[in-house]
There are 2 protein chains.
Amino acid sequence: MPAPSKREQIVDHALRLFYSNGFHATGVDRIIAEAGVSKKTLYSHFRTKDELILATLRKRDELFRNRMMRETEMHAASPRERLLAVFDFLGNWFHDKDFSGCMFINASAEFAEESCPSHMVSAEHKRLVVEYLESLATVAGAREPAELANELNMLMEGAIVYAYVMGDKQAAGRAREMARVFVDRQLD
Amino acid sequence: MPAPSKREQIVDHALRLFYSNGFHATGVDRIIAEAGVSKKTLYSHFRTKDELILATLRKRDELFRNRMMRETEMHAASPRERLLAVFDFLGNWFHDKDFSGCMFINASAEFAEESCPSHMVSAEHKRLVVEYLESLATVAGAREPAELANELNMLMEGAIVYAYVMGDKQAAGRAREMARVFVDRQLD
DNA sequence: TCGAAAGTAAACAGATCGGTGTACTTAGGA
DNA sequence: TCCTAAGTACACCGATCTGTTTACTTTCGA
C-alpha cells in the first residue's frame with residue numbers, strides 16, 4: 001500500500017474537520033496542523049479554501065455512496081429487500097461515533113446560494129443517491145421506479161433530520177416501516 | 001403601533017441576515033450597520049453574539065409556528081383536511097422569495113454539538129412542531145396520534161431537504177400525496 | 001428642569017482569518 | 001552527482017472577527 005500523498009492527507013483531515021466542526025468554523029491553520037503539512041503545500045494543491053472544500057465534498061460523495069451501496073447490497077437477499085435495506089444502512093450510519101448529519105445538507109446550510117459550487121455539488125450528490133435508488137427500484141420491478149426512488153429518498157432525508165437535529169436515531173427504523181408501504185404499492 | 005424597540009430592531013435584522021447568510025458568515029458589524037444601531041447598544045442587550053443567535057432562533061420558532069398554524073387552519077374545513085393542509089403551508093413557504101431552508105436545520109449544521117444551546121433550541125423547535133401535528137391528529141381522531149404526527153413530520157423534513165438542497169419546491173406536493181396514505185390508515 | 005438611562009460614533013484590543021513571500025531542506029531520477 | 005520539484009518553518013500581509021472603552025448626545029419622567 002503506497003503512502004498517502006500529501007494531497008490525500010490534506011483532503012482526509014479537512015474532510016473530518018469540516019464534517020464535525022463546519023466549514024466556516026474550521027480554519028486552514030487547523031487543517032495544516034492536523035494534517036502535518038505546511039501552508040505552502042496546502043496552497044500548492046488547492047488555489048483557495050473553497051477549492052479544498054469542493055475536493056472534500058467530492059470525496060465524501062464517493063465514500064458515502066460506496067458505503068451505502070455496499071451495506072445495502074451485503075445483507076439483502078432479494079431486490080425487493082434491498083429497497084428496504086437502505087434504511088438499515090441509514091441506522092448503522094446514525095450510530096457512527098462521529099455522526100454529524102448529512103455533510104451535504106450541512107454544506108447547503110453554510111453556502112445558501114444555489115449557484116454556489118458547494119451547494120451545486122451537494123444537490124448533485126442527492127441526485128446521485130436518488131439515481132441509485134431508482135436503479136434498485138427498476139431491478140425490483142417497480143411500476144414507476146423514479147417515483148418510488150423519490151418516495152424512499154424523501155423518507156431518508158426526513159430520517160436524517162430526525163437523527164441529527166433531534167438526536168433520534170430510531171428514526172431509521174420508523175422510516176423503514178413507512179417505506180414498506182410504498183414498496184408494497186409498487187411491487188404488489 | 002409603538003415604534004419597535006432597539007432590541008427588536010437588532011433581533012429582526014440579525015434574524016434576516018443569519019437566515020439568509022448563515023451564522024458564522026454574518027458578522028456583528030454587518031448586523032449593527034443594517035439595524036442602524038451602535039455596537040454598544042447591541043452589547044447592552046446581548047452579552048455575546050451567541051446570545052443574539054439564541055434570541056433570533058427563539059423569535060424564528062415563534063414566527064414560524066404561528067404562520068404554520070395560521071395557514072394550516074385557514075383553508076382547511078375538516079380536521080382531517082387540516083392534517084394535509086400542513087403540506088400546503090409547506091409549499092407556500094418554499095415559494096417565499098427569501099426561502100433559505102429550515103433555519104433550525106441550518107443552525108444544527110453550524111452548531112454540531114448536541115449540547116450546544118443553539119442545537120438544543122433547534123431540537124426543541126422540531127419537538128414543538130411534532131406536538132402541534134399530534135394535536136391535529138388527536139382532533140381528527142387518529143388511532144395513534146403521536147405515531148401519525150411523527151410520520152407526517154418525517155415527510156415534512158424530507159420535503160424541506162428536497163426544496164432547499166435540491167431546489168425542488170414541488171416536493172411539498174409529493175409529500176402531501178405520501179402523507180395521505182398515513183392519514184387514511186389512521187382514520188379509516 | 002435636571003439627572004439618570006440609553007443612545008451615538010469611533011477608536012481600540014487582541015485574536016484569527018485566508019493567503020503570500022522568503023529562505024532553507026529533503027528526496028529522487030537523469 | 002547534481003538538479004529540480006516538493007517539501008518545511010515561519011514571518012508577514014491586510015482584512016475581519018468578537019468584544020471593550022471613551023467621550024459625547026439624546027430622551028424623558030420625577
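Note on naming: letters A, B, ... go to the chains in the order of the sequence lines (proteins, then strands), and numbering restarts at 1 for each one. Bear in mind that the values here come from a model prediction, so they are computed numbers and not experimental data.
We find that CZ of A:F23 is positioned 16 Å from P of C:dC17, with the value rounded to whole Å. Atoms CD1 (B:I10) and P (D:dG19) sit 14 Å apart, rounded to a whole Å. Between B:F18 atom CZ and D:dC17 atom P the separation is 12 Å, expressed in whole Å. Straight-line distance from the CG atom of B:L42 to the C1' atom of D:dC17: 14 Å, rounded to whole Å. If you measure from atom NE2 of A:H24 to atom C1' of D:dT18, you get 16 Å, rounded to the nearest angstrom. One atom, OH of A:Y43, and another, C1' of D:dG7, lie 17 Å apart when rounded to the nearest Å. One can place CG of A:D29 at 7 Å from P of C:dG18, the figure rounded to the nearest angstrom.
With salt bridges taken as basic N to acidic carboxylate O contacts below 4.0 Å, one links B:R180 and B:E177. With salt bridges taken as basic N to acidic carboxylate O contacts below 4.0 Å, one links A:R127 and A:E124. Between B:R65 and B:D61 there is a salt bridge, since a side-chain N of the basic residue sits under 4.0 Å from a carboxylate O of the acidic one. The pair B:R67-B:D96 meets the salt-bridge criterion, since a charged nitrogen lies less than 4.0 angstrom from a carboxylate oxygen.
Within the structure, salt bridge (Lys or Arg N to Asp or Glu O under 4.0 Å) contacts touching residues 142-156 of chain A (residues at least two apart or in different chains) are A:R143-A:D188. Listed by first then second residue, pairs satisfying ring pair (Phe, Tyr, Trp, His ring centres under 6.0 Å) with a partner in residues 44-76 of chain A read A:F64-A:F89, A:F64-A:W93, A:F64-A:H125, not counting sequence neighbours.
Residue-to-nucleotide proximity on DNA chain C shows that, of A:A25 and B:K40, the 5′-proximal contact is made by B:K40.
For A:R80, the side-chain hydrogen bond (donor to acceptor under 3.5 Å, both in side chains) criterion is met by A:D184, not counting sequence neighbours.
Residues of residues 31-38 of chain A that place a heavy atom closer than 4.0 Å to DNA chain D, in numerical order, are A:G36, A:V37, A:S38. For the contact set between residues 46-55 of chain A and DNA chain C, defined by any heavy atom under 4.0 Å, the members are A:T48, A:K49.
The closest donor-acceptor contact from the side chain of A:Y43 to the backbone of A:K49 lies at 3.5 Å or more, if one exists at all. Remark: side-chain polar atoms of A:H119 are not paired, donor with acceptor, to backbone N or O of A:S115 under 3.5 angstrom.
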Interface polar pairs with nucleotides 4-6 of chain C, N/O, under 3.5 angstrom:
none

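Annotation: cation-pi geometry not satisfied between A:R60 and A:F18 (NZ/CZ under 6.0 angstrom from ring centroid, within 45° of ring axis).
Interatomic distance, OH of B:Y162 versus CD of A:E157, reported as 6.5 Å (0.5 Å rounding).
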